[in-house]
Amino acid sequence: MMDGLFAREAVEVENAFLAAPFETDGWNAALRLFARRTGATHAQLLGIGEQAALFNFMPDIDASYQREFIEIEGWRPEVNWRVAASGPSLEIRHEAHYEIARTHSGTAEYEEHVRRWGGVNGCQTALIEGDGLLVGMAVLRSERDGRTSERDRKLFAAGARHALAAVRMQRAMAQRGAQMTAGAFDAIGVAAFLIDRHGTVVAQSAAAEAITGDPAGGALRLRRGRLGAVRRDADTLLQTALGRALGGQAMQQYWIGPPQDGDSGGVLCELFRMPQREWDFGFEPRVLVVARRAADIPAMRAAPLRAALGLTHAEAEIALRLANGEVREDIAAGRGTSAQTLATQIKSILRKSEVGREAELTALVNRLLR
């Protein structure tokens, strides 16, 4: 049976982890306590994606540790024998497993790194595996600290179960937050898509659903949970833009043309890189895409065209619609003017813009609005 001290420490660790998602410094506090109770120098929470480390939380360690870990690609199992030693979720791995992993994994750079930062000994477990993500937890001990004892590993195992519950709660809160954000856009009738690190749409507003579900042939659609454009050339543009946003580009703006000539289903897509919190486990949305049909674009969108090209308000609106792929007949009908009046206005737009054709005007509008 567990002795009284062990039971009290286990409850203390449990309470710290279960409070972690709800307190400002909760995860740091829980990891610090976990390290002390297991006799370790540091406790670590590590998230590894398909090609990179998504997060590496270790309280009270110098920032150069993180930089060095990235430089040596410490998330790769062929580099890091701790990663190579990983087992199934909640299965505890320790020094005996590290010795086996070292026979087929590890580099000289990682060996130097792990000794310098006091991580030769310790124990670890995977908490979450799947969907391109491995979340693992470990306690690190130096050669001077010595190996973990059976008691240390037993307390680690007890704490890991509660850490898993806390990570799941953090994920649920992130998902709930995404739904609430989409709901906020619902309240103002804006089409908004929230996209995670994989490029998957994790939440969308009702107006966004209407755009991608447009039976008349809208410009955007969802394919296996990913946002795409109907036209191949437009989809290439959109996917490149999403990649840039996921890579850290702050804001982008693109016209995504209609699926076929003569359709009026083009949209203006604005991509925003969402701010990341200190404790971002990779569950929260990374990119916000706001999509606006030409008719829904507020007058402020015409302001850059009016300023740059000297257009009137009416001319700027017509230029936007032409760039969006709308045909002259639809523009004239939408504005309540004759085809002859519209033709005169377009001639004026082309003259002021110093271009000779509508295709050149479309290219110019796209450049000015990016």
| Judged by atom type as modelled, is there a donor-acceptor pair below 3.5 Å linking the side chain of Glu23 to the main-chain atoms of Ala19? | no

| said: Determine whether Lys352 and Thr312 satisfy the following criterion, side-chain contact (heavy atoms from CB on, under 4.5 Å), listing intermediate values before the conclusion. | reply: CA-CA 10 Å; Lys352 291 179 179 180; Thr312 66; 4.1 Å; yes

| message | Would you call the rings of His113 and Tyr110 parallel, tilted or perpendicular, taking 30° and 60° as the class edges? | response | tilted

| Side chain Gln252, main chain Ala241, donor-acceptor under 3.5 Å | yes

| said: Rounded at 0.5 Å granularity, tell me how far CZ in Arg37 sits from CG in Asp152. | reply: 12.5 Å

| said: Keeping Gln124 on the side-chain end and Arg82 on the backbone end, is there a donor-acceptor pair under 3.5 Å? | reply: yes

| Interatomic spacing from CZ in Arg226 to NE2 in His198 - rounded to 0.5 Å | 9.5 Å

| Under 3.5 Å donor-acceptor, Ser348 side chain and Thr344 backbone | no

| request: Supply the atom-to-atom distance Arg221 CZ to Thr212 OG1, rounded to the nearest 0.5 angstrom. | output: 11.0 Å

| message | Applying a strict under-4.5 Å side-chain criterion to I, L, V, M, F, W and Y, I'd like to know whether Leu46 and Ile70 cluster together. | response | yes

| message | Do Leu237 and Leu222 sit in one hydrophobic cluster, given that two such residues count as connected whenever their side-chain heavy atoms are within less than 4.5 Å of each other, even indirectly? | response | yes

| If Ile, Leu, Val, Met, Phe, Trp and Tyr residues are connected whenever their side-chain heavy atoms lie under 4.5 Å apart, and connections chain through other members, are Ile92 and Leu45 in the same group? | yes

| message | Quick check: closest heavy atoms across Phe57 and Leu31, and the distance to 0.1 Å? | response | O-CD1, 4.1 Å

| Same cluster for Val202 and Val190 if Ile/Leu/Val/Met/Phe/Trp/Tyr side chains link at under 4.5 Å? | yes

| Take atom CE in Met173; do more than 12 heavy atoms of anything else shown fall under 6.0 Å from it? | yes

| message | For the backbone of Asn56 and the side chain of Gln66, can you confirm whether one donor and one acceptor N or O come within less than 3.5 Å of each other? | response | yes

| said: Any heavy-atom pair between the side chains of Leu90 and Arg161 that's under 4.5 Å? | reply: yes

| If you round to the nearest 0.5 Å, how far is CG of Leu127 from CZ of Arg168? | 9.0 Å

| query | Ala84 and Ser105: which non-hydrogen atoms are nearest, and at how many Å? | reply | CB-OG, 3.5 Å

| Pairwise side-chain contact, Leu133 with Arg197, heavy-atom cut-off 4.5 Å (strictly under) | yes

| said: Show, in sequence, the C-alpha distance, side-chain angles and deciding distance for Glu73 and Glu109, and conclude whether the side-chain contact (heavy atoms from CB on, under 4.5 Å) test is met. | reply: CA-CA 10 Å; Glu73 299 185 326; Glu109 290 82 5; over 6 Å; no

| said: Are the side chains of Asn121 and Thr148 in contact, using a 4.5 Å heavy-atom criterion? | reply: no

| request: Taking the side chain as every heavy atom from C-beta outward, state whether Ser205 and Phe193 have any atom pair closer than 4.5 Å. | output: no

| query | Is the backbone N or O of Gly183 less than 3.5 Å from a side-chain atom of Asp186, with the two atoms forming a donor-acceptor pair by type? | reply | no

| query | Do Phe69 and Trp81 sit in the same hydrophobic cluster, where Ile, Leu, Val, Met, Phe, Trp and Tyr count as joined when their side-chain heavy atoms come under 4.5 Å apart? | reply | no

| field | Taking every non-hydrogen atom, the tightest pair across Arg273 and Leu246 | value | NH1-O, 2.9 Å

| request: Taking all heavy atoms of Val83 and all of Trp75, pick out the closest pair and write down the distance. | output: CG1-O, 3.8 Å

| Taking side chain as C-beta onward, heavy atoms only, is Tyr65 less than 4.5 Å from His42? | no

| Contact check, side chains of Phe17 and Leu33, non-hydrogen atoms, under 4.5 Å | no

| Going by an N to O cut-off under 4.0 Å, is there a salt bridge joining Arg116 and Glu112? | yes

| task | Could you walk me through whether Asp62 and Trp117 pass side-chain contact (heavy atoms from CB on, under 4.5 Å), step by step? | result | CA-CA 9 Å; Asp62 191 272; Trp117 297 105; 3.9 Å; yes

| Is there a donor-acceptor contact under 3.5 Å from the side chain of Arg147 to the main chain of His94? | no

| query | So do the side chains of Gln204 and Phe185 get within less than 4.5 Å of each other, counting heavy atoms only? | reply | no

| query | If you draw a 6.0 Å radius around CZ in Arg223, do more than 12 non-hydrogen atoms from other residues or ligands fall strictly inside? | reply | yes

| request: Mind checking side-chain hydrogen bond (donor to acceptor under 3.5 Å, both in side chains) for Gln345 and listing every partner two or more places apart, or none if nothing turns up? | output: none

| said: Using side-chain contact (heavy atoms from CB on, under 4.5 Å), reason through Val167 and Met137 one step at a time and then give a plain yes or no. | reply: CA-CA 11 Å; Val167 171; Met137 188 171 67; over 6 Å; no

| field | Nearest-0.5 Å distance, CD1 of residue Ile195 to CG of residue Leu271 | value | 7.0 Å

| Just by distance, do the side chain of Thr200 and the backbone of Asp196 share a donor-acceptor pair under 3.5 Å? | no

| query | For the residue pair Gly159 and Val13, what are the closest heavy atoms and their distance? | reply | CA-CG1, 3.7 Å

| query | How long is the span from the CG atom in Leu238 to the CZ atom in Arg231, to the nearest 0.5 Å? | reply | 12.5 Å

| query | How are the rings of Phe34 and Phe156 set to each other: parallel, tilted or perpendicular (split at 30° and 60°)? | reply | parallel

| query | Do side-chain atoms of Gln239 reach the backbone of Leu227 as a donor and acceptor pair under 3.5 angstrom? | reply | yes

| query | Can we say Asp25 and Arg32 salt-bridge, meaning some charged N sits less than 4.0 Å from an Asp/Glu carboxylate O? | reply | yes

| Got a donor-acceptor contact below 3.5 angstrom from the Glu270 side chain to the Ala291 backbone? | no

| request: Please name the pair of heavy atoms, one in Gly74 and one in Asn80, separated by the smallest distance, quoted to 0.1 Å. | output: O-ND2, 2.9 Å

| query | For residues Asp233 and Thr236, is any side-chain donor paired with an opposing acceptor at under 3.5 Å? | reply | no

| message | Strictly below 4.0 Å, N to O, side chains only: are Glu12 and Arg8 in salt-bridge contact? | response | no

| Would you say Arg102 has more than 12 foreign heavy atoms packed within less than 6.0 Å of its CZ? | yes

| task | Would you check if Leu288 and Leu194 make a side-chain contact, meaning some heavy-atom pair closer than 4.5 Å? | result | yes

